[in-house]
Participant: 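Have a look at this one before I ask anything.
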Amino acid sequence: MKRTAMIGHLTPAHAGQTVTLQGWVNRRRDLGGLIFLELRDRSGLVQVQVEPDSAAFADADRLRAEYVAEIEGTYQARPESQRKGGLADFEVIATRVKVLNTAKTTPFELEKGDSVAEDIRLKFRYLDLRRPEMQRNLVLRSKAVAAVTEYLDREGFVQVETPMLTKSTPEGARDFLVPSRQNPGEFYALPQSPQLFKQMLMIAGYDRYYQLARCFRDEDLRADRQPDFTQLDMEMSFVELDDVLSTQEGLMAHVFRETTGVDLPVPFPRMAYMDAMNFYGSDKPDLRFDLKFTDVTDLFQGGEFKAFAAAQAVKVIAAPELTRKQIDELERIAKQNGAGGLAWLKRDGDGFTGGISKFVTAQAAELIARTGIEQGGTLLFTAGEWKKAVGALGAVRLALRDLFDLAAAGPQFHISWVTEFPQLEFDDDSGTWTYMHHPFTAPHPDDLDLFGTDRQGEIRAQAYDLVLNGFEVGGGSIRIHDPAVQAKMFQAIGFSADQARDKFGFFMDALEYGTPPHGGIAWGFDRLIMVMSGATSIREVIAFPKNNRGVDLMALAPSPVEPGQLADVGLSVATSEN
RNA sequence: GGUCCGGUAGUGUAGCGGUUAGCAUAUCUGCCUGUCACGCAGAAGGUCGCGGGUUCAAAUCCCGUCCGGACCGCCA
């Protein structure tokens with residue numbers, strides 16, 4: 001290899017040495033007689049000077065942006081008057097320039113990549129990934145993987161790979177299906193998570209397992225959701241809930257320290273699901289700022305304001321002074337998130353003006369006392385069915401965060417646990433009970449007697465989510481290891497023994513051969529890296545992501561296939577009828 | 001499936017009923033020996049996403065459609 005150093009590894013100690021560098025031309029400044037080049041590789045950038053009388057000049061004159069070049073020259077301090085500080089005090093005086101490859105004019109200027117339409121960046125992802133910002137993200141990701149591996153290996157975790165071609169199981173999301181050529185009419189499914197396999201590994205005695213697992217869910221995309229994504233999947237045997245959480249805290253703190261240099265205070269705060277919902281309207285509250293809800297249901301029960309009088313819940317948040325336009329926008333957000341409307345009041349002296357003020361004269365003093373609303377401040381109310389009322393106000397809370405930049409005053413990263421999720425959730429659409437986490441989640445032992453009673457909605461799950469800056473970056477649970485409890489769980493969600501056997505027969509069998517108590521968690525690894533890097537989209541930390549519609553704009557996947565390929569797997573495509 | 005926002009030279013944008021469709025940057029040519037977003041002079045580059053409608057006249061207004069993004073539903 002001719003290259004003597006990566007550009008970013010040059011130091012003042014190299015001064016006076018002859019170096020050979022290879023990279024891309026970032027920029028060319030041609031002063032006529034004198035040419036300056038910026039040469040870039042993924043480690044850094046250096047200025048190259050080419051004198052007109054040097055042997056390098058003719059080749060340097062051919063170089064354009066993004067050409068690949070090899071530069072041999074002397075690394076040296078710049079003239080006194082030209083120093084910029086740090087490594088910009090040094091440059092390479094070229095003695096030889098070799099054009100290793102030419103490049104077409106790029107479809108966008110790499111240095112302006114931040115402001116280029118994302119579909120263009122995705123179509124030319126190989127150019128986009130040349131940008132230092134993107135390289136920083138992918139390197140951060142790589143370092144996080146290294147930190148995880150190092151820590152878990154030290155803690156005795158065994159890395160095991162589980163299959164990508166597996167059995168379709170109703171985990172919640174739609175499966176990606178893969179037709180089987182050797183078994184016509186039958187399908188593999190890509191894993192939504194390695195859940196059952198990792199529990200098998202606990203039954204098999206591996207005690208502590210981890211895997212960076214690719215997972216697939218055929219659902220609509222979002223800024224923080226891709227159809228194929230990476231989970232850091234972990235499972236431990238002979239543990240209880242506190243053991244899992246403290247192990248995770250150690251790991252997460254290690255990863256932050258090694259990658260961002262940030263020290264996360266441990267243990268992480270814990271918040272019960274009901275508190276998260278009641279105070280912040282979300283099971284993944286952004287706790288970099290407070291802005292809690294106040295419950296005022298009781299103040300309006302049976303009162304003259306009809307929208308509140310019969311409401312299951314009336315919640316209020318104390319916002320700064322808002323314009324009508326801002327209130328209208330917040331109401332739009334509230335409605336989009338399930339509220340019937342967004343009632344408001346403006347504090348004026350000992351009472352209120354605007355909005356619903358004529359209905360609250362009797363409650364004014366109590367509202368001021370409970371909410372602590374300041375003069376001129378705005379109270380925003382949602383009312384109705386509890387879950388919708390808190391959820392909608394939760395969305396308003398986040399909109400207020402964005403409007404007033406509330407998170408900026410808090411810590412850069414706030415991480416916490418949300419715990420005590422309900423085990424079961426009533427699904428209005430189907431009129432049945434369903435699992436909230438997944439059907440293998442262990443219920444709290446004190447709540448076991450509630451199965452099958454009219455209070456089964458109160459059963460607490462031994463489940464936990466990791467919440468970072470308002471993003472769910474991990475979730476897990478203690479699992480059921482007692483077949484009798486597993487049977488109760490299936491019964492509660494309306495799974496007959498036969499159905500359970502059909503879907504998870506192998507797992508039901510395995511449970512009966514000596515299953516240790518166990519539990520685990522999975523991190524949404526892409527999402528975690530997104531938050532750590534400060535990116536606003538998961539696509540910024542995935543090398544080759546898909547767009548909103550699940551399309552890879554570079555490779556142009558998905559795409560039709562040859563008829564012969566379909567015939568091989570015994571499929572034909574039905575013509576769509578509009 | 002739904003709501004909202006957007007689509008104008010390669011890229012980023014202005015124009016919002018009558019413009020030769022403007023600006024910046026990139027590209028190309030010429031000049032230039034200390035630039036560092038180099039500078040100066042010039043050139044080329046546009047089916048204003050597509051289709052239809054309204055109008056004497058449409059990039060501009062209306063309808064449809066396609067594409068991109070954010071969100072709801074869905075999804076841990």
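All heavy atoms count here, side chains included; hydrogens, waters and symmetry mates do not. Here the structure is a predicted model, which means the values were calculated and not measured. In what follows, chains are A, B, ... by sequence order, proteins preceding strands, each numbered from 1.
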Participant: How close or far is atom P of rG1(B) from atom CZ of R549(A), stated in whole angstroms?
Facilitator: 10 Å
Participant: Please confirm whether any donor atom in the side chain of E91(A) sits under 3.5 Å from an acceptor in the base of rG34(B), or the reverse.
Facilitator: yes
Participant: Once hydrogens and angles are ignored, does a donor-acceptor distance under 3.5 Å link the base of rG12(B) to the side chain of E109(A)?
Facilitator: no
Participant: Establish, for the pair R397(A) and F289(A), whether the NZ or CZ atom is under 6.0 angstrom from the six-membered ring centre and no further than 45 degrees off its axis.
Facilitator: yes
Participant: What is the distance from CG of N337(A) to P of rA70(B), rounded to the nearest Å?
Facilitator: 16 Å
Participant: Just call it for D30(A): base, sugar-phosphate, or nothing, with non-hydrogen atoms closer than 4.0 Å on any strand.
Facilitator: base
Participant: Mind checking if K84(A) touches a base, just sugar-phosphate, or nothing, with heavy atoms under 4.0 Å?
Facilitator: base
Participant: What is the nucleic acid contact for R83(A), judged by heavy atoms within less than 4.0 Å: base, sugar-phosphate only, or nothing?
Facilitator: nothing
Participant: Using Watson-Crick or G-U wobble geometry with both distances below 3.5 Å, tell me the partner of rA41(B), or none.
Facilitator: rU29(B)
Participant: For rG68(B), which nucleotide in any strand shown is its Watson-Crick or wobble partner with both distances under 3.5 Å?
Facilitator: rC5(B)
Participant: So, is Q82(A) near the phosphate of rU35(B), with a side-chain N or O under 4.0 Å from OP1 or OP2?
Facilitator: yes
Participant: Checking side-chain polar atoms at under 3.5 Å, does R78(A) have a donor or acceptor matched by the opposite partner on Q49(A)?
Facilitator: no
Participant: In whole angstroms, how far is the P atom of rC74(B) from the CE atom of M436(A)?
Facilitator: 13 Å
Participant: Without decimals, in angstroms, what is the distance between D224(A) CG and rC74(B) P?
Facilitator: 16 Å
Participant: Would you find a donor on one side and an acceptor on the other, under 3.5 Å apart, between the side chain of E540(A) and the backbone of S537(A)?
Facilitator: no
Participant: rU33(B) P sits how many Å from L37(A) CG, rounded?
Facilitator: 17 Å
Participant: Across the strands shown, which category fits A522(A) at heavy-atom distances under 4.0 angstrom: base, sugar-phosphate, nothing?
Facilitator: nothing
Participant: Among the candidates rC74(B), rA76(B), rC67(B), find the nucleotide nearest to the side-chain atoms of D220(A).
Facilitator: rC74(B)
Participant: Does rG68(B) have OP1 or OP2 sitting under 4.0 Å from an N or O in the side chain of N548(A)?
Facilitator: no
Participant: Would you check if there is a donor-acceptor pair between the side chains of D175(A) and Q192(A) at a distance under 3.5 Å?
Facilitator: yes
Participant: Using a 3.5 Å distance criterion without hydrogens, assess whether the side chain of N469(A) forms a donor-acceptor pair with backbone atoms of H414(A).
Facilitator: yes
Participant: Could you tell me whether the phosphate oxygens of rC28(B), OP1 or OP2, come under 4.0 Å of any side-chain nitrogen or oxygen in R64(A)?
Facilitator: yes
Participant: What is the distance, rounded to the nearest whole Å, between atom CZ of R121(A) and atom P of rG68(B)?
Facilitator: 16 Å
Participant: Report which part of the nucleic acid P52(A) touches: base, sugar-phosphate, or nothing (heavy-atom distance under 4.0 Å, all strands).
Facilitator: base
Participant: Sticking with atom P, work out how far rG15(B) lies from rC23(B), rounded to a whole angstrom.
Facilitator: 15 Å
Participant: Please name the residue in the list T102(A), V50(A), V99(A) that meets the side chain to side chain contact (heavy atoms under 4.5 Å, CB included) test with L63(A).
Facilitator: V99(A)
Participant: Considering just the side-chain nitrogens and oxygens of R29(A), establish if one lies under 4.0 Å of OP1 or OP2 belonging to rC38(B).
Facilitator: yes
Participant: Could you measure the distance from the CD1 atom of I478(A) to the CE atom of M236(A)? Nearest 0.5 Å is fine.
Facilitator: 9.0 Å
Participant: With respect to the phosphate group of rA70(B), does any side-chain polar atom (N or O) of R225(A) fall under 4.0 Å of OP1 or OP2?
Facilitator: no
Participant: Does I35(A) reach a base, just sugar-phosphate, or nothing at all? Heavy atoms under 4.0 Å.
Facilitator: nothing
Participant: Please determine whether any donor N or O and acceptor N or O are separated by less than 3.5 Å between the side chain of R222(A) and the base of rG69(B).
Facilitator: no
Participant: Provide the Watson-Crick or G-U wobble partner of rG18(B), both distances under 3.5 Å; none if there is no partner.
Facilitator: rC56(B)
Participant: Return the nucleotide paired to rA24(B): Watson-Crick means purine N1 to pyrimidine N3 with N6-O4 or O6-N4, wobble means G-U with N1-O2 and O6-N3, both under 3.5 Å.
Facilitator: rU11(B)
Participant: Please answer whether rU11(B) and F108(A) are stacked, defined here as ring centres separated by less than 5.5 Å and planes angled under 30°.
Facilitator: no
Participant: What integer distance in Å separates D114(A):CG from rU11(B):P?
Facilitator: 17 Å
Participant: Could you work out which one of rA26(B), rG34(B), rC71(B) sits closest to the side chain of T105(A)?
Facilitator: rA26(B)
Participant: What's the closest nucleotide to the side chain of H437(A) if the choices are rA76(B), rG34(B), rA70(B)?
Facilitator: rA76(B)
Participant: With a 3.5 Å cut-off and heavy atoms only, can you find an N or O donor on one side and an acceptor on the other between the side chain of Q49(A) and the base of rU35(B)?
Facilitator: no
Participant: Can you tell me the distance, in whole Å, between the CG atom of D119(A) and the C1' atom of rG49(B)?
Facilitator: 12 Å
Participant: Mind checking R27(A) for me? I need base, sugar-phosphate or nothing, with any heavy atom below 4.0 Å counting as a touch.
Facilitator: sugar-phosphate
Participant: Distance only, no hydrogens: is a donor on one side chain within 3.5 Å (strictly under) of an acceptor on the other, for Q211(A) and T162(A)?
Facilitator: yes
Participant: In whole Å, what separates the P atom of rG34(B) from that of rC40(B)?
Facilitator: 16 Å
Participant: If the cut-off is 4.0 Å, is Q192(A) near the phosphate of rA76(B), judged by side-chain N/O to OP1 or OP2?
Facilitator: yes
